[in-house]
Each structure stands twice: as structure tokens, then as C-alpha cells.
2 protein chains.
Amino acid sequence: MAQTQARDKTPRDKTPRDKTPRDKTPAAAPALPTTAWAVLGLLSFERDLSGYDLKKWADASLRFFYWSPAASHIYTELRRLERLGYVSSRVARQDDLRNKRVYRITRAGSEALAAWLRTEPEPTIVKHNTLLRVWLGHLADPAELRAAVEHHRAELDELLADARGAAERAEGDEAWRYPQLVTRWAVRRLELDLELVGELLADLDRLARSSSGRRRRSR
Amino acid sequence: MAQTQARDKTPRDKTPRDKTPRDKTPAAAPALPTTAWAVLGLLSFERDLSGYDLKKWADASLRFFYWSPAASHIYTELRRLERLGYVSSRVARQDDLRNKRVYRITRAGSEALAAWLRTEPEPTIVKHNTLLRVWLGHLADPAELRAAVEHHRAELDELLADARGAAERAEGDEAWRYPQLVTRWAVRRLELDLELVGELLADLDRLARSSSGRRRRSR
DNA sequence: CGTTGCATGTAAGGTGTTACATGATTAC
DNA sequence: GTAATCATGTAACACCTTACATGCAACG
């Protein structure tokens, strides 16, 4: 009962639902998709980042415990945040490269972000697409099932390597202690996940062996 | 680089994209949202289930390692599956209760499902909304941060209890060995998650103590 | 000379959610 | 009497993705 429900939207009251805040007081954080808060959060660490920078940052940090939005999505959210007054932007001239638009969090943005942090966290979302296939194992060829799980293991390996890299790179910096904490947590979690995958493979093999007596597989 | 990308859609070729299969040979599984396969998968275990039944089933199994679709969504997917010929339905009369429409997987449905199982699993999706808040800990009050994590722990506790219940209930049944395997896996994973949350709380406390010297919190 | 990185954005549309409507029966 | 369970469905729409367009600079 915990996993599904969502980021409570503003009650649907038929009016075209104006996105601009109805008054100046930012008391409670207005309903925004988590992506917007995540992008704003990235800008709370470093100023003058471009959409392109933010995408790279997201890939190098958010990705390990949340997920990384599409680049085009980041640009869209940035424009929304600017409309709300949560970020300001300016064009940074680069003589060697193309000019870029860099963003900076505003006072109002910091306050809104802090207010959002005080709201109750949405439930964790886990969609384990490999497990879903294992769950339907009675319809699959044991060897192919195994291959799917091993493919998943390879992905975890890669993700873990990346997360470890990120954890090392993040070391030492004062202001980044919380992201560090989370990155280390992500590493530990991926390690445990890999252990579980190992057990899963063993279970799978046992199951395949035990039913190989009257093996009546089509195809 | 693994977490984001998605269920590769059929290449966008401008034509209105007919959903009905273009010919009779079901060779490759047509692109369908995972939810559709999950619903079809539920029907591969038991026949003559109503939309209502399926929702309950999803809540009692899928939920622990995937997620549980909204009831209205299940009804929509069932109609799509029937249009595709993957399920058939009939009205089951009930004299005590309202009549209901029950569904059954067809031959074509089983084959399409098996074909889908042979496709490469989509990457695992994890959106850890509590960790996202911890990640932004420098903007939060330590006590409130702790409360958020404890709230998450309570949710995990509840989910774990439910998963354990499901694991017990599923025991013994021949045809359900794979779902059992997955449910047990989900239980183990939730247990590990709870351990990690404990560690996280300890880390958080350490961090809060170490920085309580020049505590300069706004508000 | 093709690919990769930098850099931004539009358009289309799929996936899934909430809100709500409806209505009967059983349980407290 | 009122809440919960059974049972199905429509409408609106938020969220996010892919495909694609554009263009320059550097690298091999």
C-alpha cells in the first residue's frame, strides 16, 4: 500500500490551473515534479551551471539513487523554474565555444527548496524489470532466464563501478558531505544487490535442476 | 548510463501507428507497456480473473518488486489486450454480487508473453525520494532530516511485513515456484534495505554532531 | 572526413495518475 | 446510518521520453 500513490497534486478544481504562484508568500512549496526540485537541488551546490552541465552532474550523482532526466527535460524544467523566480539566468560568453546560458538559484528558490524538503517524502519507487521476467519463469526457458539475470548483473557491475568512481571523486569537499554520504550509501546498496543477484542465480539453478525430470518445454 | 533509457518503441514513422498487429504471425512481441505484460502475466497463473481481482493480485505480489498499477489502468490494459487477441473475456454471473467480466489468456497471448520474456530486460528503475532529500541535507534541519528517514524506515517495515505475509501465503504451490522465489527475494532485499537505513541514520547523526560547532541554521 | 563533445531546444505522444461517477451488498 | 467491499469505467492531464534539428570545434 505504500509503493504506488504519488506526489499529491493540487486538488483538481476545474479552473485551468494557473502554474504561476497565486501570491508572493512562498510559505508552502508549490506542487512541482520531483525533477524540478532535483534540478534546483543541483543548483544549490554550484552556481552558474548550464543545462548541459546539469545533465552531466545528474548523470554523475543523481543517477545512482534516483535517476537522470533526459537532457531536453532539464532545459524545460529550467525554464519553468525561471518563470517561477526560483532561478535566474544569464548568457555566458565563450570565445572558444558556443555561448551558453547559465543558471543560478535565487533566494526564493532556496526557500522553496527548503520548504519542499520539509514535506513528506514520496514513497520509494522500484521497478525491477528483470525480476518481473523471473517472476514469469514458468513460461521461459531456464537458460534464457539465467541469461537475463546475468545481463542484469553486468549492468549492476557497471553501475557500481561508476558509483565508486563518483564516491572517490566527491571526497574531501566540505559542502558536499551529504551527497558523499548518499553516494557511499548507493555503493553499499549496489554491492548488496550484487550479492542478492548471486543468490538468485543459485536459486534459479536449483529450481531448474529439480524440475528437469519431466522437462516438457515447447519449442 | 544504464538507468535511464527505455522500452524501445517501434521507430516513429509518422503514420498514425496502428496498434493492431499488422499480420497474423506474432513472431516478435509488439511494443507494449510493461504494465500490459504484467497484467497478462498475472493471467498466466490463473484464469477467469476480473479487473478487480487483478488489482488485488498485483497489490499482493507485483507490488513488492515492481509496482502496482492503478485499478483504472488495469481495466484499460485489459481492453487493449483483448483488442490484440491476447485475452478473452466473458461475463460471470453472480447472484449475490454484481456481475463481473472475467478474463483469460489466449494461446496468442501466451505466445506473445513468452516472446516478450525473451527480449532484453529494461534497466531497473529506482527512485529513492527519501535519499534525494538526504542528498540536499545541507539545506535541511538535521532533526527534520532524521524524521524523514525514520518515516521511510516505517514504510519499509510495513512493506516488509506485507511481503513476508505474501511469501508465507504463496508457499507449497507447484505452479507458483517462480513467484515464490521472487517474493522471498523481495523480502531479503527489504531486510537489507532496513539495515542500510539504520546505518544511514547513524551516519546522519555523526554528521550532525560533527558540524554542531558552528551551527548556523537559518529560520 | 567522420565522430565526439559542446549546447539548446521543439514536437509528438506514450504511460500512468487522480478525480470522479455509479450502485449494490455486507458489516459495524 | 455509514463505512467498506465489490466492480467498472471516463475524463483530464501531468510527467517524461524519443526523435529530430541545428551548428561549431576539436580530434583521430
Side-chain angles (χ1 to χ4, degrees), chain A residues 3-17 19 30-39 49-56 58-59 66-80 82 89 91-103 122-123 125 127, chain B residues 3-17 19 30-39 49-56 58-59 66-80 82 89 91-103 122-123 125 127:
Chain A
Q3 199 122 185
T4 304
Q5 92 223 215
R7 32 182 150 268
D8 63 326
K9 277 119 177 176
T10 50
R12 200 75 50 99
D13 52 337
K14 232 74 243 187
T15 56
R17 180 212 264 291
K19 262 87 174 268
L32 279 181
T34 308
T35 306
W37 300 117
V39 168
L49 296 176
S50 67
Y52 195 87
D53 296 329
L54 286 164
K55 172 57 177 164
K56 281 193 303 180
D59 284 345
Y66 201 72
W67 114 114
S68 199
S72 64
H73 192 192
I74 290 180
Y75 289 105
T76 313
E77 289 301 345
L78 282 172
R79 266 172 282 148
R80 161 153 46 180
E82 184 156 35
S89 76
V91 172
R93 253 152 249 294
Q94 302 181 109
D95 20 53
D96 45 340
L97 276 174
R98 184 189 182 180
N99 292 340
K100 59 181 177 178
R101 178 168 295 274
V102 292
Y103 292 84
E122 303 78 28
I125 292 169
K127 290 196 175 188
Chain B
Q3 199 120 185
T4 304
Q5 92 222 214
R7 30 182 152 270
D8 64 325
K9 276 117 177 178
T10 51
R12 199 76 50 97
D13 53 338
K14 231 78 240 183
T15 56
R17 182 210 263 292
K19 262 85 175 271
L32 279 181
T34 309
T35 306
W37 299 117
V39 167
L49 296 175
S50 66
Y52 195 88
D53 296 329
L54 286 165
K55 172 57 177 165
K56 281 193 302 182
D59 283 347
Y66 201 73
W67 116 112
S68 199
S72 63
H73 193 193
I74 289 179
Y75 289 105
T76 313
E77 290 300 345
L78 282 171
R79 266 172 283 148
R80 160 154 45 181
E82 185 156 34
S89 76
V91 172
R93 253 152 249 295
Q94 303 181 110
D95 20 54
D96 45 340
L97 277 173
R98 183 188 182 177
N99 292 340
K100 58 181 179 179
R101 179 168 295 272
V102 293
Y103 293 84
E122 302 78 28
I125 291 168
K127 291 195 176 189

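Order of the sequence lines sets the chain letters (A, B, ...), proteins ahead of strands, with each chain counted from 1.
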[Y] side chain reached by [X] side chain, heavy atoms, under 4.5 Å:
X: Leu32(B); Y: Trp37(B); result: yes
X: Leu78(B); Y: Leu54(B); result: yes
X: Ser50(A); Y: Lys56(A); result: no
X: Val91(A); Y: Lys100(A); result: no
X: Thr34(A); Y: Trp67(A); result: no
X: Lys55(B); Y: Asp59(B); result: yes

Check the distance between [N]'s [atom2] and [X]'s [atom1] and give it to me in whole angstrom.
X: Ile74(A); N: dA7(C); atom1: CD1; atom2: P; value: 14 Å
X: Glu82(A); N: dT8(C); atom1: CD; atom2: C1'; value: 14 Å
X: Glu122(B); N: dG14(C); atom1: CD; atom2: C1'; value: 15 Å
X: Leu78(A); N: dA7(C); atom1: CG; atom2: P; value: 14 Å
X: Arg93(A); N: dA7(C); atom1: CZ; atom2: C1'; value: 15 Å
X: His73(B); N: dA12(D); atom1: NE2; atom2: P; value: 18 Å

Point to revise | Contact under 4.0 Å: Trp67(A) side-chain N or O vs dT17(D) OP1/OP2 | key: yes
Check your understanding: How far apart are the closest heavy atoms of Tyr52(A) and Tyr75(A), and which atoms are they?
Key ->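 Looking at all heavy atoms of both residues, the closest pair is N-OH, 3.3 Å.
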Exercise for review: Take the C1' atoms of the five end pairs on each side of the helix from dC1(C)-dG28(D) to dC28(C)-dG1(D), derive the two axes, and give their angle rounded to 10 degrees.
Suggested key: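 Result, rounded to 10 degrees: 40°.
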Practice item. Using the test side chain to side chain donor-acceptor pair (under 3.5 Å), find all partners of Ser89(A) that sit at least two apart in sequence or belong to another chain. Key: Glu82(A), Arg101(A)
Review point. In the 5'-to-3' direction, what one-character label does each nucleotide of nucleotides 5-10 of chain D receive under the scheme B = base within less than 4.0 Å of a protein heavy atom, S = sugar-phosphate only, - = no such atom?
Key: SBBBSB
